[in-house]
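Reckoned from all heavy atoms, side chains included, excluding hydrogens, waters and symmetry mates. Convention: sequence-line order gives letters A, B, ...; per-chain numbering from 1.
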2 protein chains.
Amino acid sequence: MAKTNYAKYVIMGLLSGCPMTGYDIRKWADECLKYLLMDMSYGQIYPILNQLERDGLATVAVGSAGKRPESKTYRLTEKGLETITAWIRSPDTKEYDVLLKMCFGSLISTDEMIGKLKAYRQKREAELAIMDRYLADAGDETVYGPNALYMSMITMLGITYFKDEVAWCKDAITLLEKKKRKESDGTR
Amino acid sequence: MAKTNYAKYVIMGLLSGCPMTGYDIRKWADECLKYLLMDMSYGQIYPILNQLERDGLATVAVGSAGKRPESKTYRLTEKGLETITAWIRSPDTKEYDVLLKMCFGSLISTDEMIGKLKAYRQKREAELAIMDRYLADAGDETVYGPNALYMSMITMLGITYFKDEVAWCKDAITLLEKKKRKESDGTR
DNA sequence: AACAACATGTAATAAGTTACATGATTGG
DNA sequence: CCAATCATGTAACTTATTACATGTTGTT
């Protein structure tokens, strides 16, 4: 239900870390992306990879070291790096922008990432504040009939997700601030 | 990133509870569906509503009580009810099938819903068991470079989500089993 | 010898977004 | 009277799924 055009950015983000084949990307998506409730199929990955090369955002090496001769390893170009960094830096509009961008957080400054997390946390806190009403609505049998019990269970899970995210944001911000202090210690 | 064809089923599920307009559906999606990380736009809802009517899955009443004269209230037909019930009952293949079907759980027996939840819980428990390895991988700087810290933070959030789901499943199963006992008390 | 994993792709189709277009009613 | 909410829709476009098609390499 997303259709968010994340695939292209996720691929560029990954490639910014290290060169990869389409197969590698798919494997990563299967193992890691699912924790963020997403997926990417080959039918999506390969065309995007071709597009990236065509647009000068990536270069391709056929049969790189440690890979099969038919494999195509993609490497992000300077232009590609600029493009993905610009996306990470851009305003977070969609629900999962922050979480997804976080995967490639090193592309922007620690301060910028902290800013994103603070905003995200605030947003979730605000949403949590109005969620009690939804929970009451969900349990209202005049609205949901026999589904009222089920709807309130789902709403409770949603509240749990959001509470976790708030707590997680707090921890993440603390961690990043520690990291920042260490960085400035190093430059001093 | 989903493109899962959930929209049609969600709309039918909602309509099975009570007749609604496209606007009502959109509002519900905006308020409630987002807790399951989904969304539905008007550009999606209205065409689906027309399609449901065309296919005899829903009937429409223009300008119902309490609504504006131009409003179109959709009501699920017997055929529509059968279609949505068949979907709820069908095997859960996609990541979020169980959670979404849960919203309209009253369409199937309590036992069937318990079965789905038990399977879902088991699946998540199995996934959690292999997640420690991913967490170690995520923190590996030789793989993720400067993103290692970020990747491990995201993986930790993922683990938290899954743990919550396991705990939530347990509670939900307990609740439904209590409900079942009450039901059988009533029929005795 | 068989099977899992590695490896790449395409075409048809389906699904979803975005922007546009319009207008009435209600509450402050 | 202005803004928010109610209310419906379409068209162009983009994005994603599914099923197909093919072949190699490493492990048991």
Side-chain angles (χ1 to χ4, degrees), chain A residues 1-12 19-31 33-34 36-55 58 60-74 87 93-97 100, chain B residues 1-12 19-31 33-34 36-55 58 60-74 87 93-97 100:
Chain A
M1 206 148 288
K3 186 67 133 3
T4 37
N5 198 16
Y6 281 146
K8 202 169 121 183
Y9 295 117
V10 169
I11 290 174
M12 281 195 275
M20 281 182 159
T21 66
Y23 188 85
D24 292 336
I25 291 168
R26 162 71 195 145
K27 205 178 149 198
W28 179 85
D30 193 41
E31 289 175 351
L33 216 48
K34 81 150 130 186
L36 294 182
L37 325 157
M38 289 166 204
D39 197 22
M40 278 195 293
S41 59
Y42 287 127
Q44 210 184 345
I45 294 169
Y46 288 115
I48 287 174
L49 249 15
N50 283 321
Q51 189 200 313
L52 290 180
E53 202 210 340
R54 202 188 56 222
D55 297 346
V60 63
V62 178
S64 305
K67 297 279 177 181
R68 300 207 173 163
E70 68 272 23
S71 72
K72 296 166 83 171
T73 302
Y74 289 84
W87 179 69
T93 51
K94 306 233 170 84
E95 212 54 36
Y96 270 71
D97 274 10
L100 208 52
Chain B
M1 207 148 289
K3 186 70 128 7
T4 37
N5 199 15
Y6 280 146
K8 203 170 120 183
Y9 295 117
V10 169
I11 290 173
M12 280 197 275
M20 280 181 160
T21 67
Y23 188 85
D24 292 335
I25 291 168
R26 163 71 196 145
K27 205 179 150 198
W28 180 85
D30 192 42
E31 289 175 351
L33 216 48
K34 82 151 128 182
L36 294 182
L37 326 157
M38 290 167 202
D39 198 20
M40 279 195 291
S41 59
Y42 287 127
Q44 211 184 345
I45 293 168
Y46 287 116
I48 288 175
L49 250 14
N50 283 322
Q51 189 200 313
L52 290 181
E53 203 211 340
R54 203 186 56 223
D55 298 345
V60 63
V62 178
S64 304
K67 298 278 177 179
R68 300 204 175 167
E70 67 273 24
S71 73
K72 296 167 84 172
T73 302
Y74 290 83
W87 179 69
T93 52
K94 306 233 171 83
E95 212 54 37
Y96 269 71
D97 274 9
L100 209 51

Report the distance from atom CG of A:Asn50 to atom CD1 of A:Ile45, rounding to the nearest 0.5 Å.
->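 Spacing of CG (A:Asn50) from CD1 (A:Ile45) equals 12.0 Å.
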Which residues pass the side chain to side chain contact (heavy atoms under 4.5 Å, CB included) test with [X], not counting sequence neighbours?
X       : result
A:Glu95 : A:Lys123, A:Arg124, A:Glu127, B:Lys34
B:Val62 : B:Lys72
A:Asp55 : A:Gln51, A:Leu57
A:Tyr23 : A:Thr21, A:Tyr42, A:Tyr46

| query | How would you label the contact of B:Gly43 with the nucleic acid (heavy atoms, under 4.0 Å): base, sugar-phosphate, or nothing? | reply |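 Contact class for B:Gly43: base.
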- Nearest-nucleotide 5' precedence on DNA chain D, B:Lys27 against B:Tyr74: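 Mapping each residue to its closest nucleotide by heavy atoms, the 5'-most match is B:Lys27.
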Closest to the [X] side chain, choosing from [options]:
X       : options               : answer
A:Tyr46 : D:dA16, D:dA7, C:dT10 : C:dT10
B:Ser41 : C:dT17, D:dC6, D:dA16 : C:dT17
A:Lys94 : C:dT18, D:dT8, C:dG9  : C:dT18
B:Tyr23 : C:dA7, D:dC6, D:dG9   : D:dC6
B:Asn5  : C:dA15, C:dG9, D:dA7  : C:dA15
A:Pro47 : D:dT18, C:dT8, C:dT10 : C:dT10

Can a side chain N or O of B:Tyr42 be found less than 4.0 Å away from OP1 or OP2 on D:dG9?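 For D:dG9, neither OP1 nor OP2 has a side-chain N or O of B:Tyr42 closer than 4.0 Å.
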Report task. Could you tell me whether the phosphate oxygens of D:dT17, OP1 or OP2, come under 4.0 Å of any side-chain nitrogen or oxygen in A:Gln44? Result ->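 Looking at the OP1 and OP2 atoms of D:dT17, one of them is under 4.0 Å from a side-chain N or O of A:Gln44.
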Round to the nearest Å and state the distance from [X] atom [atom1] to [N] atom [atom2].
X       : N      : atom1 : atom2 : value
A:Met38 : D:dT15 : CE    : P     : 15 Å
B:Leu49 : D:dA7  : CG    : P     : 13 Å
A:Met40 : D:dT18 : CE    : P     : 15 Å
A:Leu52 : C:dG9  : CG    : C1'   : 16 Å
B:Arg26 : C:dG16 : CZ    : P     : 14 Å
A:Lys8  : D:dA16 : NZ    : C1'   : 15 Å
B:Ile11 : C:dG16 : CD1   : C1'   : 12 Å
A:Asp30 : C:dA7  : CG    : C1'   : 16 Å

B/S/- along nucleotides 21-28 of chain C (protein heavy atoms under 4.0 Å) is --BBB---
**Q.** By side chain to side chain donor-acceptor pair (under 3.5 Å) - contacts of B:Thr73 (at least two apart)
**A.**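 For B:Thr73, the residues satisfying side chain to side chain donor-acceptor pair (under 3.5 Å) (neighbours in sequence not counted) are B:Ser64.
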Checklist line | Under the side chain to side chain donor-acceptor pair (under 3.5 Å) test, residues paired with B:Tyr9 that sit two or more places apart | finding: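 For B:Tyr9 there are no side chain to side chain donor-acceptor pair (under 3.5 Å) partners, ignoring immediate neighbours.
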Q. For the helix from C:dA1-D:dT28 to C:dG28-D:dC1, how many degrees between its two end axes (five pairs per end), to the nearest 10°?
A.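 Computed angle between terminal axes is 50°.
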Between B:Tyr74 and B:Leu52, is a side chain to side chain contact (heavy atoms under 4.5 Å, CB included) present by the stated rule, with each step listed? CA-CA 9 Å; B:Tyr74 290 83; B:Leu52 290 181; 5.8 Å; no
Donor-acceptor pair, B:Arg26 side chain versus B:Met40 backbone, under 3.5 Å?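 Answer holds: yes.
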Item to check | Contacts of A:Asp97 that satisfy salt bridge (Lys or Arg N to Asp or Glu O under 4.0 Å) - sequence neighbours left out | outcome: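 Counting only residues at least two positions away or on another chain, A:Asp97 forms no salt bridge (Lys or Arg N to Asp or Glu O under 4.0 Å).
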